[in-house]
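The structure appears right after this line, and notes come after that.
Here is the naming used below: chain letters follow the sequence lines, and residue numbers restart at 1 for every chain. Just so it is clear, the values below take in all heavy atoms, side chains as well, and ignore hydrogens, waters and symmetry mates.
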Number of protein chains: 2
Amino acid sequence: MENPEASPHRSGCPINLGLEVFGDKWSLLIVRDMMFSGKRHFREFLASDEGISTNILADRLVKLVEAGVLTRAGDPAHKLKAIYSLTEMGIELLPIVAEISRWSRKYQPVDPQMAATGEARDRGGPGAVAAQMEALRRIHLNGEI
Amino acid sequence: MENPEASPHRSGCPINLGLEVFGDKWSLLIVRDMMFSGKRHFREFLASDEGISTNILADRLVKLVEAGVLTRAGDPAHKLKAIYSLTEMGIELLPIVAEISRWSRKYQPVDPQMAATGEARDRGGPGAVAAQMEALRRIHLNGEI
DNA sequence: CTCCAATGATTGCATTTTGCAAGCGATTGC
DNA sequence: GCAATCGCTTGCAAAATGCAATCATTGGAG
């Protein structure tokens with residue numbers, strides 16, 4: 001073959017590598033739902049306002065798990081249910097999500113009700129993001145990272 | 001008509017509204033090139049490592065101008081050249097880009113050379129982002145915002 | 001003037017991704 | 001049993017993307 005070690009990446013630029021993981025219109029919405037709405041199940045993600053379709057959702061969940069942002073586990077009580085959890089890598093997407101929220105609240109026609117949690121985080125100062133990440137760790141990382 | 005006031009947005013969520021503007025694999029790369037490489041012309045964007053194609057680049061430039069992130073002006077010295085500038089809205093994407101850079105430098109196989117500017121910004125502390133934004137204002141906003 | 005390279009795009013076409021609705025097998029609750 | 005619910009797949013049309021060729025206009029060199 002011509003190039004047996006071809007890189008799967010368009011470039012080694014940090015911005016580009018991030019976009020290769022979550023640079024689409026859906027991935028960060030799934031992460032958002034896990035962070036701010038406590039969603040963990042396929043059917044819960046499906047019920048979001050933006051109306052993701054089942055095939056796109058299934059595809060993104062697989063890709064996010066492959067990327068190491070989420071993990072997938074069977075619900076011990078309900079064999080049918082799959083439980084998705086944020087990894088530490090996924091939890092550390094919160095600063096990005098928080099900055100997107102800040103930007104949109106300044107420049108986009110956001111729904112005031114949906115802007116409330118972001119405004120509260122801003123009022124909480126620099127420690128609010130860290131505190132929110134720590135809370136997510138307790139929920140998603142059963143103690144260990 | 002059924003719904004004369006249909007919203008063009010999937011939802012009023014801040015995260016979603018941000019993704020509707022730059023939630024794709026190319027838009028933020030154009031912004032990155034303007035911020036960190038001083039690129040202002042079509043042909044310069046075209047020369048990036050990731051290899052954007054001409055039709056996609058033209059499409060994104062139009063959309064970013066429509067969204068208010070960039071402005072387009074003719075080069076007074078060269079009538080053929082179009083000069084793109086960041087607006088204040090575009091400059092305020094820097095905190096988002098900086099956080100993406102931080103995340104990728106922690107979790108993705110970034111090129112060390114391309115990571116250097118991000119690392120320097122991190123070493124500069126909280127004021128480094130603000131200083132970089134101020135520098136961009138001087139270049140792109142001829143005095144007024 | 002004439003030629004030619006360089007400018008910001010546009011076009012045509014094949015491939016990929018998305019959106020949408022229907023359906024699937026397995027499991028649970030009643 | 002048996003309907004409802006679970007995560008997920010399939011089929012198919014529409015849209016977005018990737019790629020190469022091409023466009024009209026301009027600027028500069030000779």
Side-chain angles (χ1 to χ4, degrees), chain A residues 2-3 6-11 16 19-30 33-34 37-67 70-85, chain B residues 2-3 6-11 16 19-30 33-34 37-67 70-85:
Chain A
E2 287 272 356
N3 187 357
S7 169
H9 301 297
R10 302 186 296 181
S11 83
N16 173 62
L19 293 176
E20 287 188 14
V21 173
F22 50 78
D24 69 87
K25 298 213 184 301
W26 295 111
S27 298
L28 283 184
L29 294 185
I30 297 173
D33 285 346
M34 298 188 77
S37 305
K39 298 186 181 180
R40 311 290 293 267
H41 301 292
F42 192 93
R43 283 294 219 265
E44 293 177 314
F45 298 127
L46 214 55
S48 294
D49 285 343
E50 292 84 10
I52 191 172
S53 53
T54 56
N55 52 349
I56 304 291
L57 175 57
D59 177 78
R60 291 306 187 281
L61 288 171
V62 167
K63 282 181 176 162
L64 288 172
V65 168
E66 284 175 354
L70 309 181
T71 56
R72 182 191 192 279
D75 187 322
H78 300 274
K79 288 183 183 173
L80 273 183
K81 287 198 175 188
I83 291 191
Y84 292 92
S85 303
Chain B
E2 288 273 358
N3 188 356
S7 169
H9 301 297
R10 302 186 297 183
S11 85
N16 173 62
L19 294 176
E20 287 189 14
V21 173
F22 50 77
D24 69 87
K25 298 216 184 302
W26 294 112
S27 297
L28 284 184
L29 294 185
I30 296 173
D33 285 347
M34 299 189 77
S37 304
K39 298 186 181 179
R40 310 291 294 267
H41 301 293
F42 193 93
R43 283 293 217 270
E44 292 176 315
F45 299 126
L46 213 56
S48 293
D49 286 343
E50 293 83 10
I52 192 171
S53 54
T54 57
N55 52 350
I56 304 294
L57 175 57
D59 177 79
R60 291 305 187 281
L61 287 171
V62 167
K63 283 181 176 164
L64 288 172
V65 168
E66 284 175 353
L70 308 181
T71 56
R72 183 190 191 279
D75 187 324
H78 302 272
K79 288 185 184 173
L80 270 182
K81 286 199 174 185
I83 291 192
Y84 292 92
S85 302

Salt bridge (Lys or Arg N to Asp or Glu O under 4.0 Å) partners of [X], counting only residues at least two apart:
X       : result
B:Asp59 : B:Lys63
B:Arg10 : B:Glu20
B:Lys25 : none
A:Lys81 : none

(message) Working note: B:Val21 + B:Ser27, criterion side chain to side chain contact (heavy atoms under 4.5 Å, CB included); need CA distance, chi angles, decisive distance, verdict.
(response) CA-CA 8 Å; B:Val21 173; B:Ser27 297; over 6 Å; no
Grab the [atom1]-[atom2] distance between [X] and [N] for me, whole Å please.
X       : N      : atom1 : atom2 : value
A:Leu29 : C:dG19 : CG    : C1'   : 15 Å
B:Leu61 : C:dA9  : CG    : P     : 7 Å
A:Lys63 : C:dT16 : NZ    : C1'   : 10 Å
A:Trp26 : C:dT17 : CH2   : C1'   : 13 Å

(request) With sequence neighbours excluded, tell me which residues meet side-chain hydrogen bond (donor to acceptor under 3.5 Å, both in side chains) with B:Ser48. (result) B:Asp33, B:Lys39
(message) Test of understanding: with side-chain hydrogen bond (donor to acceptor under 3.5 Å, both in side chains), list the residues that count as partners of A:Ser11, not counting sequence neighbours.
(response) A:Asn16, B:Glu50
With 3.5 Å as the limit, what N/O pairs link the protein to nucleotides 26-30 of chain C?
| unit_1 | atom_1 | unit_2 | atom_2 | d |
| --- | --- | --- | --- | --- |
| C:dT28 | OP1 | A:Lys79 | N | 3.1 |

(request) Take A:Ala58 and B:Asp24, find for each the nucleotide of DNA chain D with the closest heavy atom, and name the residue whose nucleotide sits nearer the 5' end. (result) A:Ala58
(message) Assess the residue pair B:Leu29 and B:Arg60 against the criterion (side chain to side chain contact (heavy atoms under 4.5 Å, CB included)); give the C-alpha distance rounded to whole Å, side-chain angles, the decisive distance to 0.1 Å, and a yes or no.
(response) CA-CA 10 Å; B:Leu29 294 185; B:Arg60 291 305 187 281; over 6 Å; no
Partners passing side-chain contact (heavy atoms from CB on, under 4.5 Å) against [X] (at least two apart in sequence or in another chain):
X       : value
B:Asn55 : B:Ser53
A:Ala82 : A:Arg72, A:Tyr84
A:Leu46 : A:Phe42, A:Arg43, A:Ile52, A:Thr54, A:Leu57

(request) Provide the start and end nucleotides, 5' to 3', of the part of DNA chain D that has atoms under 4.0 Å from heavy atoms of chain A. (result) D:dT5 to D:dG11
(request) Enumerate the residues from residues 38-57 of chain A whose closest heavy atom to DNA chain D is under 4.0 Å, giving them by residue number; use none for an empty result. (result) A:His41, A:Phe42, A:Arg43, A:Thr54, A:Asn55
